[in-house]
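Okay, so here's the structure we're looking at.
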Amino acid sequence: DPKIIQKPKYLVAVTGSEKILICEQYLGHNAMYWYRQSAKKPLEFMFSYSYQKLMDNQTASSRFQPQSSKKNHLDLQITALKPDDSATYFCASSPFNNQAPLFGEGTRLSVL
Amino acid sequence: AQSVTQPDARVTVSEGASLQLRCKYSYSATPYLFWYVQYPRQGLQLLLKYYSGDPVVQGVNGFEAEFSKSNSSFHLRKASVHWSDSAVYFCAVRENNNAGAKLTFGGGTRLTVRP
């Protein structure tokens with residue numbers, strides 16, 4: 001059974017709308033991350049959280065907002081969606097902030 | 001800033017043949033290095049990692065990688081590939097400090113194993 005659960009697996013949105021990508025991990029990890037994989041760019045780091053606190057943000061746009069309501073949750077809210085936001089978004093986690101992350105299966109977002 | 005180059009976007013080998021997937025990194029010090037594999041419609045799975053010590057590290061499913069500081073490389077090898085090894089392989093680097101866990105990935109190498 002997957003230990004990092006991402007919901008939904010597939011998501012279609014219209015330009016200008018808002019979506020929330022869900023991530024829950026059942027590994028007891030203290031650090032969680034978001035990465036993005038698009039057709040145009042290599043897999044790229046977006047955010048890291050440690051003990052529910054933002055540690056690193058490499059996303060230039062404020063349209064992307066992580067939300068951590070619980071220690072094992074790190075959701076990603078995306079507002080004012082654009083076609084360029086189309087990508088697969090991977091959630092990941094690790095025991096602590098400086099260890100190799102394990103990845104979820106991703107949410108594939110298509111913005112029309 | 002650190003960067004990772006995987007010069008071969010696609011590699012095709014026959015089942016039973018040996019394999020080497022190349023990875024070159026750019027970083028001023030010795031980084032932490034990783035290889036991940038992505039099977040179709042799945043997330044990334046960690047194959048192996050290098051932090052320090054013996055430059056040859058063993059991973060899962062018979063994979064190994066060799067770190068070379070002089071060549072700034074971390075090539076992945078397998079002695080005999082199986083058709084199930086067909087996947088996309090990513091090399092990644094992380095700064096060798098406690099500043100955070102950001103991984104920088106290469107563009108990936110798509111491996112096809114012919115039966």
- Linking I/L/V/M/F/W/Y whenever any side-chain heavy atoms sit under 4.5 Å apart, do B/W35 and B/Y27 land together? yes
- Atom CD in A/Q58, atom OG1 in B/T104: separation rounded to 0.5 Å? 8.0 Å
- Query: Considering only heavy atoms from C-beta outward, does the side chain of B/F34 approach that of A/P101 to under 4.5 Å?
  - Reply: no
- Task: Anything in residues 9-32 of chain A with a heavy-atom distance to chain B below 4.5 Å? Please list those residues in order.
- Result: A/Y10
- Query: Any chain of hydrophobic side-chain contacts (each under 4.5 Å) joining A/L76 to A/Y49?
  - Reply: yes
- Item | Which portion of B/Q45 sits near chain A, non-hydrogen atoms under 4.5 angstrom | neither
- Indicate the atoms forming the closest heavy-atom contact of A/A100 with B/Y51, along with that distance. N-OH, 3.6 Å
- Query: Is it the case that one hydrophobic cluster holds both B/F63 and B/Y50, taking links as side-chain heavy atoms less than 4.5 Å apart, direct or via other members?
  - Reply: yes
- Could you name each residue pair satisfying side-chain hydrogen bond (donor to acceptor under 3.5 Å, both in side chains) that touches residues 80-91 of chain A, not counting sequence neighbours? A/R63-A/D85
- Hydrophobic cluster identity match, B/V93 and B/V57, side-chain contacts under 4.5 Å: yes
- Query: Going only through I, L, V, M, F, W and Y residues with side-chain contacts under 4.5 Å, is there a path from A/W34 to A/M55?
  - Reply: no
- Note on the structure: Value for OG (A/S94) from CG (B/L46), rounded to nearest 0.5 Å, stands at 11.0 Å
- Filtered by a 4.5 Å non-hydrogen cutoff, the part of residues 102-112 of chain A contacting chain B is A/F103, A/G104, A/E105
- Query: In this structure, are over 12 heavy atoms from other groups packed under 6.0 Å from B/K24 atom NZ?
  - Reply: yes
- Task: Under 4.5 Å heavy-atom distance to chain A, tell me which part of B/L44 shows up: side chain, backbone, both or neither.
- Result: both
- Message: Are there residues of residues 35-47 of chain A whose heavy atoms fall under 4.5 Å of chain B's heavy atoms? If so, which?
- Response: A/Y35, A/Q37, A/P42, A/L43, A/F45
